[in-house]
Student: 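Starting off with a structure, shown below.
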Amino acid sequence: MATPAGFQALPLPLVQLSLAAVLKCGQSFRWSILPLPKPSDPTIPAQEYRLCLRDRVVCLQQSQTALFYRSAFPEPQPSPTQLQLREAETLLWLNDYFQLNIDLPKLYDEWAARDSVFSGVKERFGGIRMLRQDPWENLISFICSSNNNISRITKMVQSLCTQYSPALLSLPDLSGHETHSYHPFPPPSSLAAPSVTVTLRSLGFGYRAEYIQKTAKMLVDVHGTIEEGREPSELWLESLRGLATAEARTELLKFIGVGRKVADCVLLMSLDKKEVIPVDTHVHQIAIKHYGFKGLLKGKSPMTPKLYEEVNSKLVRIWGDYAGWAHSVLFTSDLKSFASYSVQNPTPSAPVKSSKRSNLESLLPTPPTTPSPSPLKRKASASPPESSDKSAGLADRMKRLRRK
DNA sequence: TATATACCAGCT
DNA sequence: GCTGGTATAT
């Protein structure tokens, strides 16, 4: 298909990246998804995706064979030559954010060879890769995620941005009837004031309001703020990419409202820890159903630290050093909102009535799951990673001072 | 060191 | 009642 007016084209097959999956599967909660008016040709993208970064709004569309991108800027508009430079920056950002240097189909092949359960979702759920997000935004977003669902988390993150960050610019929607304003994610200093707790509560954040304010204050107290550019706290969070997984996790666990699961989400989604698997109730259910863990399929068995470690280490042994990426594919395939999804037809014009049954349940034969003796009896020489991680992390955690 | 409960809000 | 958990008290 032809490149949409004003867009740049980047050749990229859908199996390398499916925006329709990746931007809606609970990694980032800040992308706007706009329907395109009457896409008669099925090879024409059915949606446009927009995200407000620091100084620009990135707009994306996608076909079977290409990713189309353009940037929108506030007044004054850059000159044509200036714009060219800006789009080059956007391209660099795209490569970084979507980690396009990683060959996803190759990873899929490896996971499928290691795991027959993965083989079952491989074809339909292609193109699902890990985003490389901003750690600060990622941290706050996942503090919002406890006892919560994608839809409400999305609303909360949006209202956080509109409340605490001035609009960068406004853009018309794709039918041209309405205009929408775009706000960057607010920096730590803007969420650190005590009054933030009350405001966020009034916006429906519940008990998470206090977590967010205290986490922001903690960061600002330690790292300070500056006038322009990214704040020291944001840079410090990003610098955790340079630490080993266990050490970075220890730092994250110091924040209020951040437990093991949220910390692991941040490690995986913004700190380059590709082997980390956040174990939530959903992943737990997948482990029970397909990987031989004991537990009630529908009942709520509590997630203990011990169980967390067992599920985590078992799945890491199965999937290898990109286990966190593989987990994201399985996780997405089991979301009810993806009941009608397929990578070859990501956004059907007539959405299938959502089934009660998730894809993992309905599509896969249940493998003969032996009540798995003890996953821990072997040290798994291929991935010995955090053997001492648990005890060290917990011990450290007991010592730390948390503000009241 | 291991379980049990409260916590906000929104939806079923 | 339930939900992509965490903090706190036993």
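Remember, predicted model here, so these are calculated numbers, not experimental data. Sequence lines set the chain letters: A, B, ... in the order given, protein chains first and strands last, and positions in each chain run from 1.
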Student: Partners of Q213(A) by side-chain hydrogen bond (donor to acceptor under 3.5 Å, both in side chains), sequence neighbours excluded?
Tutor: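 If we apply the side-chain hydrogen bond (donor to acceptor under 3.5 Å, both in side chains) test to Q213(A), skipping adjacent residues, the hits are T197(A).
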Student: Measure NZ/K155(A) against P/dG4(C) and give the value in whole Å, please.
Tutor: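 These atoms are roughly 15 Å apart.
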Student: Nearest to the side chain of D280(A) - dT3(B), dG4(C), dT6(C)?
Tutor: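 So the nucleotide nearest the side chain must be dG4(C).
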Student: Given atom CZ of F205(A) and atom P of dC8(B), what is their separation to the nearest angstrom?
Tutor: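 In whole Å, dC8(B) P lies 15 Å from F205(A) CZ.
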Student: Classify the nucleic acid contact of G204(A) as base, sugar-phosphate or nothing, counting any heavy atom under 4.0 Å across all strands shown.
Tutor: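 Sugar-phosphate, backbone atoms only, no base.
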Student: Counting the atoms with a prime plus P, OP1 and OP2 as sugar-phosphate, which does C25(A) contact under 4.0 Å by heavy atoms, base, sugar-phosphate, or nothing?
Tutor: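 Since a base atom lies under 4.0 Å of C25(A), the category is base.
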Student: Rounded to whole Å, how long is the line connecting atom CZ of F338(A) with atom C1' of dG4(C)?
Tutor: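 For the pair F338(A) CZ and dG4(C) C1', the rounded distance is 14 Å.
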Student: NA contact type, V283(A), heavy-atom cut-off 4.0 Å: base, sugar-phosphate, or nothing?
Tutor: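 V283(A): no heavy atom of the nucleic acid under 4.0 Å.
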Student: Considering only atom P, compute the distance from dC2(C) to dA4(B) and round it to an integer number of Å.
Tutor: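 About 16 Å, rounded to a whole number of Å.
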Student: How many Å lie between CG on L200(A) and P on dA9(B), as a whole number?
Tutor: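 My rounded result for the distance is 12 Å.
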Student: Grab the N/O contacts between the protein and nucleotides 5-7 of chain B below 3.5 Å, and write none if there aren't any.
Tutor:
none

Student: Sequence neighbours left out, what passes side-chain hydrogen bond (donor to acceptor under 3.5 Å, both in side chains) with S18(A)? Give chain and number order.
Tutor: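 By the side-chain hydrogen bond (donor to acceptor under 3.5 Å, both in side chains) rule, S18(A) matches Y341(A).
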Student: Taking the same atom, C1', in dT5(B) and in dG1(C), what whole-Å distance lies between them?
Tutor: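 Approximately 16 Å lies between the C1' atom of dT5(B) and that of dG1(C).
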Student: Is a side-chain donor or acceptor of R50(A) paired with a backbone partner of V57(A) at a separation under 3.5 angstrom?
Tutor: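 Not a single qualifying donor-acceptor pair exists.
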Student: Identify which nucleotide among dT3(B), dG10(B), dG5(C) has an atom closest to any side-chain atom of V262(A), counting heavy atoms from C-beta outward.
Tutor: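 For the V262(A) side chain, the nearest candidate turns out to be dG5(C).
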Student: Grab the CZ-P distance between F142(A) and dG4(C) for me, whole Å please.
Tutor: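 Between P of dG4(C) and CZ of F142(A): 13 Å.
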Student: Output the rounded distance in Å from CD1 (I153(A)) to P (dC8(B)).
Tutor: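 About 18 Å, once rounded to whole Å.
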Student: Would you indicate, yes or no, if dC11(B) has its OP1 or OP2 atom less than 4.0 angstrom from a side-chain nitrogen or oxygen of S151(A)?
Tutor: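 No, because none of the side-chain N or O atoms of S151(A) sits under 4.0 Å from OP1 or OP2 of dC11(B).
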Student: Among K217(A), M218(A), E210(A), whose side chain to side chain contact (heavy atoms under 4.5 Å, CB included) with I256(A) holds?
Tutor: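 Per the side chain to side chain contact (heavy atoms under 4.5 Å, CB included) rule, the option paired with I256(A) is M218(A), out of K217(A), M218(A), E210(A).
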Student: Over how many whole Å does the gap from M303(A) atom CE to dT6(C) atom C1' extend?
Tutor: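 Nearest whole value for this atom pair: 14 Å.
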Student: In whole angstroms, how far is the C1' atom of dA9(B) from the CE atom of M156(A)?
Tutor: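 Roughly 9 Å, once rounded to whole Å.
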Student: Contact class for I150(A) vs. all strands (heavy atom < 4.0 Å): base, sugar-phosphate, or nothing?
Tutor: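 Base contact.
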Student: If only side-chain N and O atoms count, and only distance matters, is there a donor-acceptor pair under 3.5 Å linking E87(A) with Q8(A)?
Tutor: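 The answer is no; no qualifying pair exists.
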Student: State which residues pass side-chain contact (heavy atoms from CB on, under 4.5 Å) with P172(A); sequence neighbours excluded, sorted by chain then number.
Tutor: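 In terms of side-chain contact (heavy atoms from CB on, under 4.5 Å), with neighbours along the sequence ignored, P172(A) is linked to no residue.
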Student: What residue pairs, at least two apart or across chains, pass salt bridge (Lys or Arg N to Asp or Glu O under 4.0 Å) with a residue in residues 90-107 of chain A?
Tutor: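 Checked against salt bridge (Lys or Arg N to Asp or Glu O under 4.0 Å) - neighbours excluded - the pairs reaching residues 90-107 of chain A are D96(A)-R132(A).
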Student: Using a 3.5 Å limit on both pairing distances, list the dot-bracket string of DNA chain C from the 5' end; Watson-Crick and G-U wobble pairs count, crossing pairs take [ ], interstrand pairs take |.
Tutor: |||.||||||
Student: Restricting to side-chain hydrogen bond (donor to acceptor under 3.5 Å, both in side chains), what partner residues turn up for E137(A), sequence neighbours left out?
Tutor: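 Scan of E137(A) (side-chain hydrogen bond (donor to acceptor under 3.5 Å, both in side chains), adjacent residues dropped) gives R30(A).
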Student: I'd like a table of donor-acceptor pairs (distance under 3.5 Å, sequence neighbours excluded) in which one partner is a side-chain atom from residues 318-325 of chain A, with atom names and distances.
Tutor:
{"from": "W319(A)", "atom 1": "NE1", "to": "D115(A)", "atom 2": "OD2", "distance (Å)": "2.9"}

Student: Report the residues that fulfil side-chain hydrogen bond (donor to acceptor under 3.5 Å, both in side chains) with E110(A), sequence neighbours left out, ordered by chain and then residue number.
Tutor: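 Testing E110(A) for side-chain hydrogen bond (donor to acceptor under 3.5 Å, both in side chains), a comparison that skips the adjacent residues, returns none.
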Student: Could you tell me how far dC8(B) sits from dA9(C) if I compare only their P atoms? Round to whole Å.
Tutor: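 Between the two P atoms, the distance is 15 Å.
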